[in-house]
Number of protein chains: 2
Amino acid sequence: MTINQNTFTGEFLYSLDAKGRVNIPAKFRNVLTADNEQSFVITRGMDLCVWVYPAKVWQSIEDELRKLSSLSRINRSFVRSTVRYASLVQYDKQGRIAVTPNLIEYAQLGKESLIVGMVNKIEIWNPKLLDTVDKESQNIDAAQFDELADQIIL
Amino acid sequence: MTINQNTFTGEFLYSLDAKGRVNIPAKFRNVLTADNEQSFVITRGMDLCVWVYPAKVWQSIEDELRKLSSLSRINRSFVRSTVRYASLVQYDKQGRIAVTPNLIEYAQLGKESLIVGMVNKIEIWNPKLLDTVDKESQNIDAAQFDELADQIIL
DNA sequence: ATACATTGTGGGTAGTTGTGGGTAATAATC
DNA sequence: GATTATTACCCACAACTACCCACAATGTAT
(Lines give C-alpha, C1' and ligand atoms only; values in the text may rest on other atoms or scores of the structure.)
Protein backbone atom coordinates (compact mmCIF):
# COMPACT_ATOMS: atom_id res chain seq x y z
CA MET A 1 0.00 0.00 0.00
CA THR A 2 1.35 3.41 -0.99
CA ILE A 3 0.19 6.84 0.03
CA ASN A 4 1.93 9.18 -2.30
CA GLN A 5 0.88 8.27 -5.80
CA ASN A 6 3.12 9.45 -8.59
CA THR A 7 5.62 11.07 -6.30
CA PHE A 8 9.25 10.28 -6.83
CA THR A 9 11.67 10.99 -4.00
CA GLY A 10 15.14 9.86 -3.03
CA GLU A 11 18.30 9.06 -4.94
CA PHE A 12 19.68 5.74 -6.09
CA LEU A 13 23.10 4.90 -7.47
CA TYR A 14 22.42 2.34 -10.18
CA SER A 15 24.40 1.07 -13.09
CA LEU A 16 23.82 1.85 -16.72
CA ASP A 17 24.78 -1.45 -18.34
CA ALA A 18 26.49 -2.19 -21.63
CA LYS A 19 23.15 -2.19 -23.41
CA GLY A 20 22.25 1.26 -22.14
CA ARG A 21 19.66 0.05 -19.65
CA VAL A 22 19.01 1.56 -16.23
CA ASN A 23 16.82 0.19 -13.53
CA ILE A 24 13.82 2.18 -12.39
CA PRO A 25 13.97 1.92 -8.60
CA ALA A 26 11.32 -0.36 -7.14
CA LYS A 27 10.20 2.50 -4.92
CA PHE A 28 9.39 4.49 -8.03
CA ARG A 29 7.61 1.67 -9.80
CA ASN A 30 5.46 1.11 -6.75
CA VAL A 31 4.11 4.65 -6.72
CA LEU A 32 3.00 4.56 -10.34
CA THR A 33 -0.74 4.43 -10.82
CA ALA A 34 -2.35 1.90 -13.11
CA ASP A 35 -2.85 4.31 -15.99
CA ASN A 36 0.83 5.22 -15.99
CA GLU A 37 1.50 1.59 -16.77
CA GLN A 38 5.10 1.03 -17.63
CA SER A 39 5.35 3.77 -20.22
CA PHE A 40 7.69 6.70 -19.84
CA VAL A 41 8.82 9.60 -21.95
CA ILE A 42 12.55 10.23 -21.72
CA THR A 43 14.06 13.49 -22.92
CA ARG A 44 16.78 16.03 -22.33
CA GLY A 45 16.66 17.74 -18.99
CA MET A 46 17.15 21.48 -18.72
CA ASP A 47 20.23 20.68 -16.69
CA LEU A 48 22.77 18.22 -18.04
CA CYS A 49 20.72 15.16 -17.17
CA VAL A 50 17.98 12.93 -18.57
CA TRP A 51 14.37 13.54 -17.62
CA VAL A 52 12.02 10.61 -17.31
CA TYR A 53 8.30 11.34 -17.17
CA PRO A 54 5.51 8.84 -16.57
CA ALA A 55 3.58 8.81 -19.84
CA LYS A 56 0.46 10.26 -18.21
CA VAL A 57 2.38 13.20 -16.81
CA TRP A 58 3.98 13.91 -20.16
CA GLN A 59 0.54 13.82 -21.73
CA SER A 60 -0.48 16.88 -19.76
CA ILE A 61 2.64 18.71 -20.93
CA GLU A 62 1.74 17.94 -24.53
CA ASP A 63 -1.76 19.26 -23.90
CA GLU A 64 -0.26 22.56 -22.82
CA LEU A 65 1.97 22.68 -25.88
CA ARG A 66 -1.04 22.20 -28.13
CA LYS A 67 -2.44 25.50 -26.86
CA LEU A 68 0.59 27.47 -28.07
CA SER A 69 -0.02 29.07 -31.44
CA SER A 70 2.69 28.55 -34.03
CA LEU A 71 2.23 32.15 -35.15
CA SER A 72 4.63 33.17 -32.44
CA ARG A 73 8.28 32.51 -33.12
CA ILE A 74 8.99 31.93 -29.45
CA ASN A 75 6.22 29.37 -29.23
CA ARG A 76 7.56 27.48 -32.22
CA SER A 77 11.00 27.36 -30.79
CA PHE A 78 9.76 26.40 -27.35
CA VAL A 79 7.60 23.58 -28.63
CA ARG A 80 10.40 22.35 -30.86
CA SER A 81 13.00 22.33 -28.14
CA THR A 82 10.85 20.48 -25.64
CA VAL A 83 9.55 17.83 -28.00
CA ARG A 84 12.59 17.32 -30.17
CA TYR A 85 14.52 14.93 -27.93
CA ALA A 86 11.56 13.17 -26.36
CA SER A 87 10.87 9.51 -26.96
CA LEU A 88 8.43 7.00 -25.55
CA VAL A 89 9.88 3.94 -23.83
CA GLN A 90 8.61 1.07 -21.69
CA TYR A 91 10.36 -0.86 -18.99
CA ASP A 92 11.13 -4.55 -19.37
CA LYS A 93 10.16 -7.35 -17.00
CA GLN A 94 13.10 -6.53 -14.75
CA GLY A 95 11.94 -2.93 -14.50
CA ARG A 96 14.63 -1.31 -16.66
CA ILE A 97 14.34 1.26 -19.40
CA ALA A 98 16.67 1.66 -22.35
CA VAL A 99 18.25 5.10 -22.60
CA THR A 100 18.88 6.25 -26.16
CA PRO A 101 22.52 6.86 -27.20
CA ASN A 102 22.03 10.57 -27.82
CA LEU A 103 20.66 11.11 -24.33
CA ILE A 104 23.52 9.10 -22.84
CA GLU A 105 25.87 11.37 -24.72
CA TYR A 106 24.03 14.54 -23.73
CA ALA A 107 24.03 13.72 -20.02
CA GLN A 108 27.50 12.16 -20.21
CA LEU A 109 26.26 9.04 -18.49
CA GLY A 110 28.72 6.33 -17.52
CA LYS A 111 28.31 3.04 -15.71
CA GLU A 112 27.65 4.78 -12.42
CA SER A 113 24.40 6.67 -12.83
CA LEU A 114 22.38 8.48 -10.23
CA ILE A 115 18.60 8.19 -10.35
CA VAL A 116 17.00 11.16 -8.59
CA GLY A 117 13.34 11.56 -7.73
CA MET A 118 11.97 15.02 -8.62
CA VAL A 119 8.40 14.73 -7.36
CA ASN A 120 6.61 14.41 -10.71
CA LYS A 121 9.53 13.21 -12.80
CA ILE A 122 12.79 11.31 -12.54
CA GLU A 123 16.28 12.53 -13.37
CA ILE A 124 19.27 10.45 -14.44
CA TRP A 125 22.63 12.04 -13.70
CA ASN A 126 26.30 11.54 -14.06
CA PRO A 127 27.10 11.91 -10.32
CA LYS A 128 30.06 14.18 -10.96
CA LEU A 129 28.00 16.59 -13.05
CA LEU A 130 25.31 16.80 -10.43
CA ASP A 131 27.98 17.57 -7.89
CA THR A 132 29.29 20.56 -9.81
CA VAL A 133 25.81 21.82 -10.64
CA ASP A 134 24.98 21.55 -6.95
CA LYS A 135 27.96 23.59 -5.86
CA GLU A 136 27.39 26.28 -8.45
CA SER A 137 23.83 26.61 -7.27
CA GLN A 138 24.86 26.89 -3.63
CA ASN A 139 27.00 29.90 -4.43
CA ILE A 140 24.64 31.67 -6.76
CA ASP A 141 21.17 30.88 -5.51
CA ALA A 142 21.52 31.04 -1.74
CA ALA A 143 19.31 34.08 -1.34
CA GLN A 144 16.46 32.74 -3.49
CA PHE A 145 16.71 29.43 -1.70
CA ASP A 146 16.05 31.09 1.60
CA GLU A 147 13.07 32.84 0.12
CA LEU A 148 11.58 29.60 -1.13
CA ALA A 149 12.36 27.87 2.14
CA ASP A 150 10.49 30.61 3.96
CA GLN A 151 7.38 30.01 1.89
CA ILE A 152 7.52 26.28 2.33
CA ILE A 153 7.69 25.44 6.00
CA LEU A 154 9.98 22.46 6.34
CA MET B 1 -6.71 8.54 24.73
CA THR B 2 -4.42 11.28 23.45
CA ILE B 3 -4.66 15.03 23.82
CA ASN B 4 -2.21 16.49 21.36
CA GLN B 5 -2.59 14.81 18.00
CA ASN B 6 0.55 14.78 15.89
CA THR B 7 2.68 16.52 18.46
CA PHE B 8 6.01 14.95 19.22
CA THR B 9 7.77 15.93 22.44
CA GLY B 10 10.53 14.45 24.56
CA GLU B 11 13.72 12.59 23.83
CA PHE B 12 14.53 8.89 23.84
CA LEU B 13 17.86 7.12 23.71
CA TYR B 14 17.26 4.10 21.48
CA SER B 15 19.51 1.76 19.58
CA LEU B 16 20.04 1.69 15.84
CA ASP B 17 20.52 -2.02 15.19
CA ALA B 18 22.77 -3.83 12.74
CA LYS B 19 20.08 -3.64 10.07
CA GLY B 20 19.75 0.12 10.41
CA ARG B 21 16.44 0.06 12.22
CA VAL B 22 15.35 2.44 14.99
CA ASN B 23 12.31 2.24 17.11
CA ILE B 24 9.72 4.97 16.95
CA PRO B 25 8.87 5.63 20.59
CA ALA B 26 5.48 4.33 21.60
CA LYS B 27 4.59 7.79 22.83
CA PHE B 28 5.04 9.08 19.30
CA ARG B 29 3.13 6.27 17.65
CA ASN B 30 0.19 6.83 19.98
CA VAL B 31 -0.03 10.44 18.91
CA LEU B 32 -0.36 9.67 15.21
CA THR B 33 -3.78 10.10 13.66
CA ALA B 34 -5.39 7.40 11.58
CA ASP B 35 -4.56 8.95 8.22
CA ASN B 36 -0.89 9.13 9.10
CA GLU B 37 -0.98 5.39 9.48
CA GLN B 38 2.50 4.03 9.78
CA SER B 39 4.05 5.95 6.91
CA PHE B 40 6.86 8.42 7.36
CA VAL B 41 9.19 10.36 5.14
CA ILE B 42 12.77 10.39 6.36
CA THR B 43 15.29 12.87 5.00
CA ARG B 44 18.33 14.96 5.81
CA GLY B 45 17.81 17.52 8.50
CA MET B 46 19.16 21.03 8.14
CA ASP B 47 21.37 20.21 11.09
CA LEU B 48 23.45 17.03 11.04
CA CYS B 49 20.54 14.79 11.91
CA VAL B 50 17.74 12.83 10.29
CA TRP B 51 14.28 14.31 9.99
CA VAL B 52 11.27 12.06 10.19
CA TYR B 53 7.94 13.45 9.03
CA PRO B 54 4.58 11.75 9.26
CA ALA B 55 3.63 11.13 5.63
CA LYS B 56 0.63 13.46 5.82
CA VAL B 57 2.81 16.33 6.99
CA TRP B 58 5.32 15.76 4.23
CA GLN B 59 2.49 15.65 1.73
CA SER B 60 1.87 19.35 2.16
CA ILE B 61 5.53 20.09 1.47
CA GLU B 62 5.33 18.09 -1.75
CA ASP B 63 2.20 19.94 -2.78
CA GLU B 64 4.12 23.20 -2.56
CA LEU B 65 7.00 21.76 -4.58
CA ARG B 66 4.65 20.66 -7.31
CA LYS B 67 3.72 24.28 -7.94
CA LEU B 68 7.30 25.25 -8.80
CA SER B 69 7.92 25.24 -12.55
CA SER B 70 11.00 23.42 -13.76
CA LEU B 71 11.66 26.18 -16.27
CA SER B 72 13.39 28.11 -13.52
CA ARG B 73 16.87 26.90 -12.64
CA ILE B 74 16.48 27.89 -9.02
CA ASN B 75 13.27 25.95 -8.71
CA ARG B 76 14.84 22.82 -10.12
CA SER B 77 17.72 23.10 -7.78
CA PHE B 78 15.50 23.74 -4.80
CA VAL B 79 13.17 20.86 -5.51
CA ARG B 80 16.09 18.55 -6.07
CA SER B 81 17.83 19.47 -2.87
CA THR B 82 14.76 19.04 -0.72
CA VAL B 83 13.54 15.82 -2.28
CA ARG B 84 16.80 14.13 -3.10
CA TYR B 85 17.44 12.56 0.26
CA ALA B 86 13.84 11.90 1.17
CA SER B 87 12.32 8.47 1.18
CA LEU B 88 8.98 7.03 2.17
CA VAL B 89 9.19 4.33 4.83
CA GLN B 90 6.73 2.45 6.97
CA TYR B 91 7.27 1.00 10.38
CA ASP B 92 7.18 -2.74 10.93
CA LYS B 93 5.04 -4.65 13.41
CA GLN B 94 7.51 -3.81 16.15
CA GLY B 95 7.19 -0.10 15.40
CA ARG B 96 10.63 0.41 13.84
CA ILE B 97 11.65 2.21 10.69
CA ALA B 98 14.65 1.42 8.53
CA VAL B 99 17.05 4.33 8.11
CA THR B 100 18.81 4.34 4.75
CA PRO B 101 22.63 4.01 4.69
CA ASN B 102 22.86 7.48 3.15
CA LEU B 103 21.20 9.10 6.10
CA ILE B 104 23.06 7.03 8.67
CA GLU B 105 26.27 8.29 7.14
CA TYR B 106 25.09 11.87 6.90
CA ALA B 107 23.98 12.08 10.53
CA GLN B 108 26.89 9.90 11.69
CA LEU B 109 24.52 7.63 13.55
CA GLY B 110 25.92 4.84 15.71
CA LYS B 111 24.28 2.25 17.90
CA GLU B 112 23.29 4.88 20.45
CA SER B 113 20.82 7.18 18.75
CA LEU B 114 18.74 9.93 20.23
CA ILE B 115 15.14 10.33 19.09
CA VAL B 116 13.95 13.89 19.67
CA GLY B 117 10.41 15.20 19.34
CA MET B 118 10.16 18.44 17.34
CA VAL B 119 6.44 19.16 17.52
CA ASN B 120 5.48 18.31 13.91
CA LYS B 121 8.45 16.08 13.10
CA ILE B 122 10.99 13.80 14.74
CA GLU B 123 14.77 14.11 14.74
CA ILE B 124 17.32 11.33 15.03
CA TRP B 125 20.69 12.40 16.38
CA ASN B 126 24.09 11.14 17.21
CA PRO B 127 24.04 12.32 20.86
CA LYS B 128 27.54 13.76 20.66
CA LEU B 129 26.72 15.86 17.61
CA LEU B 130 23.61 17.27 19.23
CA ASP B 131 25.71 18.22 22.21
CA THR B 132 28.19 20.24 20.19
CA VAL B 133 25.50 21.84 18.03
CA ASP B 134 23.71 22.84 21.23
CA LYS B 135 26.75 24.49 22.72
CA GLU B 136 27.59 26.36 19.55
CA SER B 137 24.09 27.70 19.41
CA GLN B 138 24.16 28.89 23.01
CA ASN B 139 27.17 31.05 22.27
CA ILE B 140 26.12 32.44 18.94
CA ASP B 141 22.35 32.75 19.03
CA ALA B 142 21.69 34.15 22.50
CA ALA B 143 20.42 37.49 21.20
CA GLN B 144 18.00 36.01 18.68
CA PHE B 145 16.75 33.61 21.32
CA ASP B 146 15.66 36.59 23.39
CA GLU B 147 13.79 38.01 20.43
CA LEU B 148 11.89 34.78 19.88
CA ALA B 149 11.18 34.51 23.57
CA ASP B 150 9.46 37.88 23.31
CA GLN B 151 7.11 36.54 20.65
CA ILE B 152 6.40 33.28 22.38
CA ILE B 153 5.33 33.74 25.98
CA LEU B 154 6.87 30.89 27.91
C1' DA C 1 2.21 -9.77 44.93
C1' DT C 2 1.14 -11.88 40.86
C1' DA C 3 -0.52 -12.11 36.27
C1' DC C 4 -0.87 -9.78 32.11
C1' DA C 5 0.02 -6.46 28.53
C1' DT C 6 3.15 -3.31 26.34
C1' DT C 7 7.54 -1.97 24.71
C1' DG C 8 12.28 -2.25 22.99
C1' DT C 9 15.79 -5.41 20.85
C1' DG C 10 17.73 -9.22 18.23
C1' DG C 11 17.90 -12.45 14.58
C1' DG C 12 16.11 -16.15 10.92
C1' DT C 13 13.78 -16.79 6.53
C1' DA C 14 11.36 -16.11 2.36
C1' DG C 15 10.47 -13.00 -1.08
C1' DT C 16 11.89 -8.96 -3.70
C1' DT C 17 15.16 -6.27 -6.22
C1' DG C 18 19.28 -5.08 -9.00
C1' DT C 19 22.59 -6.82 -12.44
C1' DG C 20 24.63 -9.50 -16.06
C1' DG C 21 24.41 -12.04 -20.03
C1' DG C 22 22.36 -15.47 -23.67
C1' DT C 23 19.05 -16.06 -27.32
C1' DA C 24 15.47 -14.96 -30.48
C1' DA C 25 12.96 -11.49 -33.01
C1' DT C 26 12.95 -7.22 -35.33
C1' DA C 27 14.90 -3.56 -37.93
C1' DA C 28 18.50 -1.56 -40.76
C1' DT C 29 22.14 -1.77 -44.29
C1' DC C 30 24.19 -3.10 -48.36
C1' DG D 1 17.54 -11.01 -50.27
C1' DA D 2 21.37 -11.78 -47.34
C1' DT D 3 24.02 -9.94 -43.67
C1' DT D 4 24.62 -7.20 -39.93
C1' DA D 5 23.19 -4.46 -36.16
C1' DT D 6 19.84 -3.42 -32.84
C1' DT D 7 16.24 -4.33 -29.85
C1' DA D 8 13.29 -7.03 -26.87
C1' DC D 9 12.59 -11.14 -24.12
C1' DC D 10 14.13 -14.56 -21.01
C1' DC D 11 16.77 -16.83 -17.42
C1' DA D 12 20.05 -16.89 -13.56
C1' DC D 13 22.18 -15.30 -9.48
C1' DA D 14 23.67 -12.42 -5.63
C1' DA D 15 22.38 -8.97 -2.45
C1' DC D 16 19.17 -6.93 0.04
C1' DT D 17 14.69 -6.02 2.34
C1' DA D 18 10.50 -6.95 4.70
C1' DC D 19 8.13 -10.00 7.41
C1' DC D 20 7.89 -13.02 11.11
C1' DC D 21 8.86 -14.97 15.61
C1' DA D 22 11.19 -14.88 20.08
C1' DC D 23 12.48 -12.86 24.33
C1' DA D 24 13.71 -9.75 28.01
C1' DA D 25 12.50 -5.62 30.43
C1' DT D 26 9.29 -2.55 31.88
C1' DG D 27 4.86 -0.98 33.15
C1' DT D 28 -0.15 -1.85 34.50
C1' DA D 29 -4.11 -3.95 36.48
C1' DT D 30 -6.32 -7.07 39.54
Side-chain angles (χ1 to χ4, degrees), chain A residues 1-4 8-32 37-42 50 52 55 87-105 109-117 122-125 127, chain B residues 1-2 8-32 37-42 50 52 55 86-105 109-117 122 124-125 127:
Chain A
M1 238 286 277
T2 57
I3 292 187
N4 298 340
F8 307 112
T9 59
E11 66 169 13
F12 304 84
L13 188 62
Y14 283 170
S15 68
L16 181 82
D17 69 17
K19 295 181 181 177
R21 300 174 296 187
V22 262
N23 198 28
I24 301 291
K27 286 207 169 171
F28 289 178
R29 293 193 302 253
N30 294 337
V31 299
L32 292 167
E37 300 163 30
Q38 54 252 82
S39 295
F40 296 90
V41 171
I42 59 173
V50 175
V52 184
S87 64
L88 186 69
V89 297
Q90 327 220 108
Y91 60 71
D92 63 20
K93 275 199 177 145
Q94 282 72 256
R96 292 169 293 193
I97 58 168
V99 183
T100 58
N102 46 43
L103 289 176
I104 291 176
E105 196 192 335
L109 298 179
K111 186 161 188 329
E112 306 245 298
S113 292
L114 198 64
I115 319 296
V116 183
I122 300 164
E123 289 183 344
I124 308 175
W125 280 91
Chain B
M1 240 287 277
T2 58
F8 307 112
T9 57
E11 67 169 13
F12 305 84
L13 187 63
Y14 282 170
S15 69
L16 181 83
D17 70 18
K19 293 182 179 177
R21 300 174 295 189
V22 262
N23 199 28
I24 301 291
K27 285 202 174 175
F28 289 177
R29 293 194 303 253
N30 295 337
V31 147
L32 292 166
E37 297 165 32
Q38 55 252 82
S39 295
F40 297 89
V41 171
I42 60 173
V50 175
V52 184
S87 66
L88 184 69
V89 297
Q90 328 221 109
Y91 61 69
D92 61 20
K93 277 201 176 143
Q94 283 69 255
R96 292 169 294 190
I97 58 169
V99 183
T100 59
N102 271 327
L103 293 174
I104 291 177
E105 196 192 335
L109 298 179
K111 187 160 188 328
E112 307 245 298
S113 292
L114 198 63
I115 319 296
V116 183
I122 301 164
I124 308 175
W125 280 91

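Only this structure's heavy atoms are used, side chains among them; waters, hydrogens and symmetry mates stay out. Just so we're on the same page: letters track the sequence lines, and every chain starts at 1.
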Quick check on ring-ring contact (aromatic ring centres under 6.0 Å, His included): which of Phe40(A), Phe12(A), Tyr14(A) does Phe28(A) satisfy it with?
Phe12(A)

Value in whole Å for how far the [atom2] atom of [N] lies from [atom1] of [X]:
X         : N       : atom1 : atom2 : value
Phe28(B)  : dG8(C)  : CZ    : P     : 11 Å
Ile115(B) : dT9(C)  : CD1   : C1'   : 13 Å
Asn23(B)  : dT6(C)  : CG    : P     : 15 Å
Lys19(B)  : dG10(C) : NZ    : P     : 11 Å
Arg96(B)  : dC20(D) : CZ    : C1'   : 10 Å
Gln94(A)  : dC13(D) : CD    : P     : 14 Å
Asp17(B)  : dA24(D) : CG    : P     : 18 Å
Leu114(A) : dG18(C) : CG    : P     : 14 Å

Distance check: side-chain N/O of [X] vs OP1/OP2 of [N], anything under 4.0 Å?
X         : N       : answer
Asn30(A)  : dT17(C) : yes
Lys27(A)  : dA18(D) : no
Lys111(A) : dG20(C) : yes
Thr100(A) : dT7(D)  : no
Ser15(A)  : dG20(C) : yes
Arg29(A)  : dG18(C) : yes
Lys93(B)  : dC20(D) : yes

Taking for Phe12(A) and for Ala18(A) the nucleotide of DNA chain C with the nearest heavy atom, the one nearer the 5' end belongs to Phe12(A)

Would Thr100(B) and Asn102(B) satisfy side-chain hydrogen bond (donor to acceptor under 3.5 Å, both in side chains), going step by step from the backbone distance to the final call?
CA-CA 5 Å; Thr100(B) 59; Asn102(B) 271 327; 4.8 Å; no

Crowding at CD, Gln94(A) (>12 non-hydrogen neighbours, <6.0 Å):
yes

Between Tyr91(B) and Pro101(A), whichever has its closest DNA chain D nucleotide further toward 5' is Pro101(A)

Given the options Val41(A), Ile42(A), Ile115(A), Val52(A) meets side-chain contact (heavy atoms from CB on, under 4.5 Å) only with Ile42(A)

NA contact type, Asp92(A), heavy-atom cut-off 4.0 Å: base, sugar-phosphate, or nothing?
nothing

Does Arg21(B) contact dG11(C) through a side-chain donor or acceptor facing the base, at a distance under 3.5 Å?
yes

Rounded to the nearest 0.5 Å, what separation is found between the CZ atom of Arg21(A) and the CD1 atom of Ile97(A)?
12.0 Å

